[in-house]
Amino acid sequence: MTADKTQIVYTLTDEAPRLATASLLPVVQRFAASAGIDVVTNDISVASRILGQFPELLTEAQRVPDNLGALGKLTLRPEANIIKLPNISASVAQLKAAIKELQDKGYKIPDFPEAPKTDEEKDIRARYNKCIGSAVNPVLREGNSDRRAPKAVKEYARKNPHRMDEWSQASRSHVSHMHAGDFYHGEKSMTLDRARDVKMELITKSGKTIVLKPKVSLLDREVIDSMFMSKKALLAFYEKEIEDARKTGVMFSLHVKATMMKVSHPIVFGHCVKIFYKEAFEKHAKLFEELGVNVNNGMVDLYTKIASLPQSKQDEIKHDLHACHEHRPELAMVDSAKGITNFHSPNDIIVDASMPAMIRSGGKMYGADGRLKDVKAVMPESTFARIYQEMINFCKWHGAFDPRTMGTVPNVGLMAQQAEEYGSHDKTFEIPEDGVANITDLETGEVLLSQDVEQGDIWRMCQCKDAAIRDWVKLAVNRARNSGMPVVFWLDSYRPHEAQLIRKVKMYLHEHDTTGLDIQIMSQVRAMRYTLERVIRGLDTISATGNILRDYLTDLFPIMELGTSAKMLSIVPLMAGGGMYETGAGGSAPKHVQQLVEENHLRWDSLGEFLALAVSLEDLGIKNNNAKAKVLAKTLDAATGKLLDNGKGPSPKTGELDNRGSHFYLTLYWAQELAAQTDDAELAARFKPVAEALAANEAKISAELKAVQGKPADIGGYYLPDDAKLEQVMRPSATFNAVLASLA
Ligand SMILES: NC(=O)C1=CN([C@@H]2O[C@H](COP(=O)(O)OP(=O)(O)OC[C@H]3O[C@@H](n4cnc5c(N)ncnc54)[C@H](OP(=O)(O)O)[C@@H]3O)[C@@H](O)[C@H]2O)C=CC1
Ligand SMILES: O=C(O)CCC(=O)C(=O)O
Ligand SMILES: [Mg+2]
């Protein structure tokens, strides 16, 4: 991708953000053009990434370049200025649905090979694997993360508090995690003394050497870890917790992050499903194997695979599954109306969003009868699960948080260069035989880290580069200085990896002037407690965390403070000097697409996009000395504030103002701010007629935008919508479009 100093790259992604882009981008492009800025698009949707894998099977016209690869390269350049919207991190079921849609549209791509045998099938599977799970973010995140609620957004939430359900001291909801045999338990960690190439290998008890990963190149001073989860301990844990939930009468729920942890968490998830339905899985073991049932992909995989069996056999299996429920606890539901349980798909319960939703609902989740009930939230890995228990304890004691008075908790996250667990999927393995798992220096044969493992254990290596850690410390100090808030590094000295990090943090803090700053290091549980004690007193505290807690906390606190993480400012200062501006901290809201298709109402809130665009423009203005870009940024911020004050964000209800309506108001306010400012007369003159035309036509445009609602909308596809149809649906006001066109 060619980079240009006057260019902003705006990503085209999936689902609700993709739909919103069809309406917002034309506005952004026209406004930015008045500062000589070209807003170009880069399609990194899952459909585009799939097509990018099979150029030889497509016609010239159908071919898609490797957009993600090109964008990844751009992040390494100082002029990079990227606006990154949330994208699908696909489960296998989503991938298959996307493949089917593309095939139906005439793209001759192959089926997804479930159990690849031939070399050709293995090659196809390897290509598809590149499109599964969190395949985009790790490529683009060449910097650490700065996520926070902007002042105006926090103020708005204080004045317009969202719903928070009550917490009772009698609540029986809690978190259950393993106390032994999990990744935390036997972790080993070291800081490298020099650059080395290593391999990951298993020396089996029978004397074989199995090379699992032939080469990983490590840099000097990099931190590496070796850890495993014991299958035996995991199965015993599930058995105990499922039985505990039944005995004590609370619902059972499982919370994983199968998108980011795309190798380990589907396995962890699959074991839980198989234990829950143990008798049925034992009885039909042979048949399930023949059918290739793999519940690591959720019960949806089982239901799809048995659909080809004779009806009587299907009924028998379903009967046996239902029979298991007799002596099992009630399962929490993802969609009680549709009968979709927590076991349907590992991607349906994504822990960063699912746990805050549960805590916000007074510690409850939906049962099969559509009622909210107390629940056991199972997160096998103890490393981070305990932060949620600490928050639950706090809520039980102090009651629900009050958005009107609570302090804010911004995050500075160690994320760059595939740091820690979130970069480990290509170094994660299900152990085929008992033995010793070693990380070995390729040149010297020296074993750097070693673990005794058993068949079925999940073994992984994580890495974290020294430069990333150093940059993270710098970012934390800068944020402390700029915000005046204290910073807490959430690091547990008892965890070997974090003990290494603590040493580095202490060392790199010396590189900065920290006079007058309040910077502390605390274990996660203490950090949570300390932060919450401040939160309820209205005090603000920056959390400086590793990659997983970055993800968890940047949904958890925004959802408590603002009702959603959509309203977060999410900046990735790229280490090479550029900037990536993520929009919000949440997902791509598949439910919103359904509402649009059924009722032509899009509830997606583009506030995250507005905030990201303002910092992107500001950055471009500063770096290139582009005064007009600075004016655009300043006026956009003012317009966003006005939008909040006037309550012109989208409503979830069909018939009320939606995403398109909120884009109209943003455009109106932005044009008015530009017309009114005195820093740049040319811009003021250019936007004056636009502001006047939009204001004069407010009622007409609102009516046109409202008139389309309440009926189904055709966007010509889910994963690959039809551009023309999308434009028609997302830009339904001829009057608004005409005013915008006058800017061209
Ligand atoms: N950065 C990224 O690229 C990320 C991508 N994802 C991906 O998104 C998909 C769905 O993930 P999931 O975790 O279920 O999250 P969702 O996209 O379903 O978000 C959870 C809920 O948060 C609310 N929400 C989030 N963003 C907005 C917004 N801008 N406007 C209004 N409401 C919003 C919605 O609530 P309601 O429906 O009540 O309005 C939504 O249902 C997955 O494929 C996942 O991998 C997830 C996180 C980050
Ligand atoms: O990449 C993903 O799958 C999700 C990322 C995410 O949840 C986050 O960064 O907050
Ligand atoms: Mg997240």
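The structure presented is a predicted model; accordingly, all values stated were derived computationally and were not measured. We count ligands from 1, going down the list as the structure has it; atoms in each ligand are counted the same way. Because only heavy atoms are used, hydrogens play no part in the values below, and waters and symmetry mates are left out as well, while side chains stay in.
The Mg ion (ligand 3) has Asp352 OD2, Asp551 OD1 as its protein N, O or S neighbours under 2.8 Å.
By the 4.0 Å N-to-carboxylate-O rule, Asp146 lies close enough to Arg479 to be salt-bridged with it. A salt bridge is absent between Glu582 and Arg550: the closest approach of a Lys/Arg side-chain nitrogen to an acidic carboxylate oxygen does not fall below 4.0 angstrom.
Taking 4.0 Å as the cut-off, Gly584 does not count as a neighbour of ligand 1 on heavy-atom distance.
Residue contacts with ligand 1: Glu15 is placed with no nitrogen or oxygen under 3.5 Å of a nitrogen or oxygen of the ligand (distance criterion only). Remark: ligand 1 and Ala566 share no N or O pair separated by less than 3.5 Å (distance only, no angle test). Taking distance alone, with nitrogen or oxygen atoms compared against 3.5 Å, Asn347 stays at or beyond that limit from ligand 1. Between Ser588 and ligand 1, a contact under 3.5 Å exists for at least one N or O pair.
Between Tyr128 and Phe112, the two ring planes are tilted [angle within 30° to 60°].
Only the side chain of Thr259 comes within 4.0 Å of ligand 1, counting heavy atoms alone; its backbone N, CA, C and O stay farther away. Under 4.0 Å from ligand 1, the heavy atoms of Asn137 that appear belong solely to its side chain.
Checking Asn144 against Asp471 by side-chain atom types alone, a donor-acceptor pair falls below 3.5 Å. Checked by atom type, the side-chain pair Asp43/Ser45 shows a donor-acceptor distance below 3.5 Å. A side-chain donor from one of Glu381 and His265 sits under 3.5 Å from a side-chain acceptor of the other.
If you check each of Pro590, Pro86, Gly586 against atom 47 (C) of ligand 1, the one with the closest non-hydrogen atom is Gly586. Nearest-residue assignment for atom 6 (N) of ligand 1 (options Gly587, Ser570, Ser606, Ala16; heavy-atom criterion): Gly587. With atom 13 (O) of ligand 1 as the reference point, the heavy atom nearest to it among Asn87, Thr13, Ile350 is part of Ile350. The residue among Lys84, Lys567, His592 with a heavy atom at the shortest distance from atom 31 (C) of ligand 1 is His592.
Residue Arg163 places its CZ atom among more than 12 non-hydrogen atoms of other residues, nucleotides or ligands, all under 6.0 Å distant. In the displayed structure, Glu656 atom CD is contacted under 6.0 Å by more than 12 heavy atoms of other residues, nucleotides or ligands. Under a cut-off of 6.0 angstrom, the local environment of OH in Tyr552 is crowded, with over 12 non-hydrogen atoms contributed by other residues, nucleotides or ligands. Remark: Lys706 NZ is loosely packed, at most 12 non-hydrogen atoms of other residues, nucleotides or ligands lying under 6.0 Å away.
Closest to atom 20 (C) of ligand 1 among all protein heavy atoms lies Ala353 CB, 4.7 Å. Protein heavy atom in closest approach to atom 26 (N) of ligand 1: Trp604 CZ3, 3.5 Å. Ranking protein heavy atoms by distance to atom 41 (O) of ligand 1, first place goes to Lys591 CE, 3.8 Å. Of all protein heavy atoms, the one lying nearest to atom 16 (P) of ligand 1 is Ala589 N, 3.5 Å. Closest protein heavy atom to atom 24 (N) of ligand 1: Thr564 OG1, 4.0 Å. Nearest to atom 38 (O) of ligand 1 among the protein's heavy atoms is Arg603 NH2, 3.6 Å.
Applying the side-chain hydrogen bond (donor to acceptor under 3.5 Å, both in side chains) test to residues at least two apart or on different chains, none of the pairs has a partner in residues 331-341.
Proximity to Ser89 (heavy-atom distance under 4.0 Å) selects the following atoms of ligand 1: 43 (O), 45 (O). Listed by atom number, the atoms of ligand 1 under 4.0 Å from Asp605 heavy atoms are 28 (C), 29 (N), 30 (N), 31 (C).
Side chains of Val136 and Lys84 form a contact here, defined as non-hydrogen atoms less than 4.5 Å apart. Contact annotation: the side chain of Tyr718 approaches that of Glu15 to within less than 4.5 Å [non-hydrogen atoms, C-beta and beyond].
Closer than 4.0 angstrom to ligand 2 by heavy atom are Ser89, Ser134, Asn137, Arg141, Arg147, Lys257, Thr259, Met260, Asp352, Arg550, Asp551, Ala585, sorted by chain and number.
For atom 22 (O) of ligand 1, no protein heavy-atom neighbour is present inside the 4.0 Å cut-off.
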**Q.** side chain to side chain contact (heavy atoms under 4.5 Å, CB included) assessment of Leu607 paired with Val153
**A.** CA-CA 9 Å; Leu607 191 62; Val153 171; 4.0 Å; yes
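Looking at residues two or more places apart in sequence or on another chain, you find a side-chain hydrogen bond (donor to acceptor under 3.5 Å, both in side chains) between Ser543 and Asn411.
With Arg386 contributing its side chain and Ser382 its backbone, the two residues share a donor-acceptor pair below 3.5 Å. Remark: side-chain polar atoms of Thr428 are paired, donor with acceptor, to backbone N or O of Ser424 under 3.5 angstrom. Thr11 places a side-chain N or O within donor-acceptor distance of the main-chain N or O of Ile83, the cut-off being under 3.5 Å. The backbone N or O of Lys648 lies less than 3.5 Å from no partner atom in the side chain of Asn646, so there is not a single donor-acceptor pair.
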